[in-house]
Amino acid sequence: MDIVLLGSTGSIGTQTLDVCRAHKIKVRALSANRNTKLLETQAREFRPEYVCVCDEKCCSDMKARLADTDIKVLCGMDGLCELARLKCGRVVNAVVGMVGLLPTVAAARAGNDIALANKETLVAGGDLVTDCVRENGVRLFPIDSEHSAIFQCLMGAMGNKLSKIILTASGGPFFGKRREELKNVTVEQALKHPNWSMGAKITVDSATLMNKGLELIEAVRLFDVSPEQVEIVVHRQSIIHSAVEFEDGAVIAQLGTADMRIPIQLALTYPERLPCPAKKLSLFDVGALTFDRADETTFRCLSAAKRAVSVGGTAPCVVNSTNEAAVALFLERKIGFLDIGDIVSESLDKIQVVQNPTIDDIMSAKVMAEKFVAAHAGV
């Protein structure tokens, strides 16, 4: 097995390299946005043929760092897509945000199987991505713990149809809070996830429940179900990673510790299950499991995502792109925590939706969403 790893310096990327170390998986290429220092360290350890720096301002620095090696340094989106087209066992897409869309399409068109952690690809790209995967006869392996869980539950389905997906959510750091209690939430508070160690953007998305909204849209795309067939359940312990209900009422769930190396490894080694460095689950240590409904009134991002997938077209791209821009401003302390959900919800009412979009339509929707957020926030 050999892989191309896009987004190697982020949380999923570094954990993917843990799996590669454990099982001696060859890494043909690595990429980062602008963290050239860590990318250099990774490149010297794994000796890929290529690295790519997405931020072109950092390209000369990367070339200088690897000048004494024979590793080729590429830059920008063109470089990222070139990596995605390299023939390999899997292209692991672990970049954050809509930047992952074009490389996913490039990988599929090149005939490469894809291990996908970049949920924005399916949220924004929709049928364009799933059609491209199907037309090129490649396989898409989900890395998100929830979608990996659903995938695993369906591995033994023997062709039987599911009636419902039960998509679990941790509830984030503000579970049980009301809007008035969240007016003065700080960046530091939003980044304190109770169970998972993730990057800043995804952690904020978990706090607003936007992450679960995006995962609902992704589940609809991946498993060809209607939005009404996806039930979101807040499960604070993050032990059940998701479940499926079949037509006879039987529910099959996947359980495990909160360690992303488990779904990452399966996406790389499927159908084999190999020893994993993650801690094993002890139900005695867990004790009780609890389940609650999500509060869509307080956490408006979730209701906006549900509305977007029902509207279809570029609507999911609009809410995703609006959220990306709003979260960036929140992390820069330019808007408040509750502003994120308000802006995302309002964007659906203000930005025109295009049905049956092309890639150009999707990228245009992204630009309009970013302009909407900037104007709303006065930046």
Side-chain angles (χ1 to χ4, degrees), residues 1-8 12-13 16 19-20 23 25-31 48-50 52 74 77-157 159 214-215 217-225 260 263-274 316-317 356-359 362-363:
M1 167 65 72
D2 61 349
I3 68 166
V4 166
L5 175 53
L6 310 181
S8 65
I12 296 296
T16 299
V19 173
C20 292
H23 298 294
I25 295 171
K26 178 176 174 54
V27 180
R28 287 202 64 193
L30 297 167
S31 86
E49 298 163 51
Y50 300 87
C52 177
L74 306 178
M77 180 57 71
D78 288 345
L80 206 60
C81 289
E82 186 172 337
L83 296 193
R85 287 189 288 265
L86 293 172
K87 196 60 187 171
C88 61
R90 300 278 193 282
V91 172
V92 182
N93 190 340
V95 302
V96 177
M98 262 188 66
V99 68
L101 174 58
L102 295 180
T104 297
V105 172
R109 288 175 175 168
N112 285 325
D113 289 340
I114 302 159
L116 188 66
N118 175 253
K119 60 176 63 67
E120 294 87 354
T121 285
L122 283 175
V123 170
D127 291 341
L128 269 174
V129 175
T130 53
D131 288 349
C132 185
V133 166
R134 183 176 59 254
E135 289 164 4
N136 288 281
V138 301
R139 296 176 296 178
L140 193 60
F141 298 100
I143 284 180
D144 268 353
S145 61
E146 295 83 0
H147 301 96
S148 176
I150 298 162
F151 175 75
Q152 291 177 65
C153 291
L154 293 173
M155 282 167 63
L214 297 178
E215 288 174 2
I217 299 172
E218 188 178 6
V220 168
R221 312 289 197 211
L222 276 172
F223 303 108
D224 194 24
V225 296
M260 284 302 301
I264 290 169
Q265 180 171 295
L266 182 64
L268 298 189
T269 65
Y270 176 85
E272 288 187 273
R273 290 187 183 271
L274 303 177
C317 176
N356 303 311
T358 64
I359 285 185
I362 291 168
M363 301 312 292

State, with a plain yes or no, whether a side-chain heavy atom of Thr16 is found less than 4.5 Å away from one of Ile25. no
Can you tell me how far CD1 of Ile3 sits from CZ of Arg90, rounded to the nearest 0.5 angstrom? 10.0 Å
When rounded to the nearest 0.5 Å, the distance separating SG of Cys20 from CG of Leu30 is 8.5 Å
Ring pair (Phe, Tyr, Trp, His ring centres under 6.0 Å) against Phe223, all qualifying residues, sequence neighbours excluded: none
Closest non-hydrogen atom pair between Leu268 and Ala115, with its separation: CD2-CB, 4.4 Å
Straight-line distance of Leu116 CG to Thr104 OG1, nearest 0.5 Å: 5.5 Å
Does Asn118 reach the main-chain N or O of Gly97 with its side chain, forming a donor-acceptor pair under 3.5 Å? yes
Distance-only, no hydrogens or angles: does the Lys119 side chain make a donor-acceptor pair with backbone N or O of Ile217 under 3.5 Å? no
Tell me, do Thr269 and Met1 make a side-chain contact under 4.5 Å, heavy atoms counted? no
Measuring from Gln265:CD to Ile143:CD1, what's the distance to the nearest 0.5 Å? 11.5 Å
With a 4.5 Å limit on heavy-atom distance, are the side chains of Glu218 and Glu146 in contact? no
To the nearest 0.5 Å, how far apart are CD in Glu49 and CG in Leu83? 10.5 Å
side-chain contact (heavy atoms from CB on, under 4.5 Å) assessment of Leu122 paired with Thr130: CA-CA 8 Å; Leu122 283 175; Thr130 53; 3.9 Å; yes
If we only count heavy atoms from C-beta on, is the Val91 to Leu6 side-chain gap below 4.5 Å? yes
Could you check if a side-chain atom of Met363 sits within less than 4.5 angstrom of a side-chain atom of Met98, using non-hydrogen atoms only? yes
Would you call Val129 and Leu101 a side-chain contact if the rule is heavy atoms closer than 4.5 Å? yes
Determine whether a donor-acceptor pair (N or O, by modelled atom type, separation under 3.5 Å) exists between the side chain of Asn136 and the backbone of Ala110. no
Set out, in order, the CA-CA distance, both residues' side-chain angles and the distance that settles side-chain contact (heavy atoms from CB on, under 4.5 Å) for Ile264 and Val92, then state yes or no. CA-CA 9 Å; Ile264 290 169; Val92 182; over 6 Å; no
Contacts of type salt bridge (charged side-chain N to carboxylate O under 4.0 Å, His left out), residue Arg273, not counting sequence neighbours: none
Counting heavy atoms not belonging to Arg28, are there more than 12 under 6.0 Å from its CZ? yes
Looking only at heavy atoms, the pair that brings Ile362 and Ala124 closest together is CD1-O, 3.5 Å
Donor-acceptor pair, distance only, cut-off 3.5 Å: does the side chain of Asp2 make one with the backbone of Cys88? no
Thr121 side chain to Gly100 backbone, donor-acceptor under 3.5 Å: yes
With a 3.5 Å distance limit and no angle check, can you tell me whether Asn93 reaches the backbone of Pro103 through a side-chain donor-acceptor pair? no
